[in-house]
Amino acid sequence: MKKALALVLAAVLICASVFCFASCGEKKEGAVEDNASKTEVKGTLHMATNAEFEPYEYIKNKKIVGIDPEIAQAICEKLGYELVIDDMKFDSIITAVKSGKADFGMAGMTVTDERKKSVDFTDSYTNTTQVIIVKEDSDIATKKDIKDKHLGVQLGTTGDGIASENSSSIERYNNGADAVLALTQGKIDAVIIDREPARKFVEQNEGLKILDDTFDGEEYAICVKKDSVLTDELNDAIQELTEDGTIAKIINKYIK
Ligand code: ARG
């Protein structure tokens, strides 16, 4: 009886290892082939964003479009991932990435030392500066003039940080559009926000202007959970897509 059991067990083991050997070999070959043709789908990557930031990410015809979704799509195609975009409040993105709810965050997000305490950043894919939007007839002419003024920002942004250094009278909105609306209604004196979204807001609203006096340059990058291998993968893709001109082409499509 014992002998029979042992025989059966041995047979099962042999079968299993032969099967595994065969299928593992198969998989490997397939992967190499797929990799060459870039069709292998390794899995899904969830991108956390805040689609209220034209031209980087915004909603058009019920779809999330813009520079970041297009670059993310190009990166995922290169690496063999399927991209899923999760829209949320800007100040939830880092938490989502930290907790693993999202694989990466991409939202016109500036690299800062403060954020680096919670997440890693890839290499930068583009840059910006914070600018000041005021009404055309405003007495605010340079960045010195925002001192102690009633300022509007999007909550948790670098604009929020700059405003906080200059005034204690700040309105923090969930998105830039609400801040700009408050400015047009005379509820606040100025909005501090990234250059390209500022240009869009000024285009879309009468009677506003952007001051020539801007703040220091900032780098946009993708944030990833700390110590994740994904950061290196994303960096490889960013490098290739920078070198072959894909990223510049996408940016130029949205920024004239
Ligand atoms: N660049 C600024 C920051 O990182 C603002 C980004 C806001 N992005 C957005 N999708 N709402 O703080």
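For ligands, and for the atoms within them, numbers begin at 1 and follow the listed sequence. As a basis for the values below, the full set of heavy atoms in this structure was taken, side chains included, without hydrogen atoms, waters or symmetry mates.
- Cluster partners of I94 are M88, F90, I93, V97, M109, V111, V119, F121, counting Ile, Leu, Val, Met, Phe, Trp and Tyr whose side-chain heavy atoms approach within less than 4.5 Å, directly or via other members.
- Of the charged side-chain nitrogens involved, none lies within less than 4.0 Å of a carboxylate oxygen, so that E171 and K187 do not count as a salt-bridged pair.
- Judged as a salt bridge (Lys or Arg N to Asp or Glu O under 4.0 Å), the pairs with a partner in residues 241-255 (not counting sequence neighbours) are, in order, E70-K253.
- Of the residues D194, D216, V153, T214, the one that meets the side chain to side chain contact (heavy atoms under 4.5 Å, CB included) test with Q130 is D194.
- Within 4.0 Å of ligand 1, heavy atoms belong to protein residues N50, F53, E57, F90, A107, G108, M109, T110, R115, Q154, T157, T158, D194, Y220.
- Sorted by first then second residue, the ring pair (Phe, Tyr, Trp, His ring centres under 6.0 Å) pairs that include residues 177-222, not counting sequence neighbours, are Y56-Y220.
- When every heavy atom of K135 is checked against every heavy atom of L183, the shortest pair comes out as CE-O, 3.2 Å.
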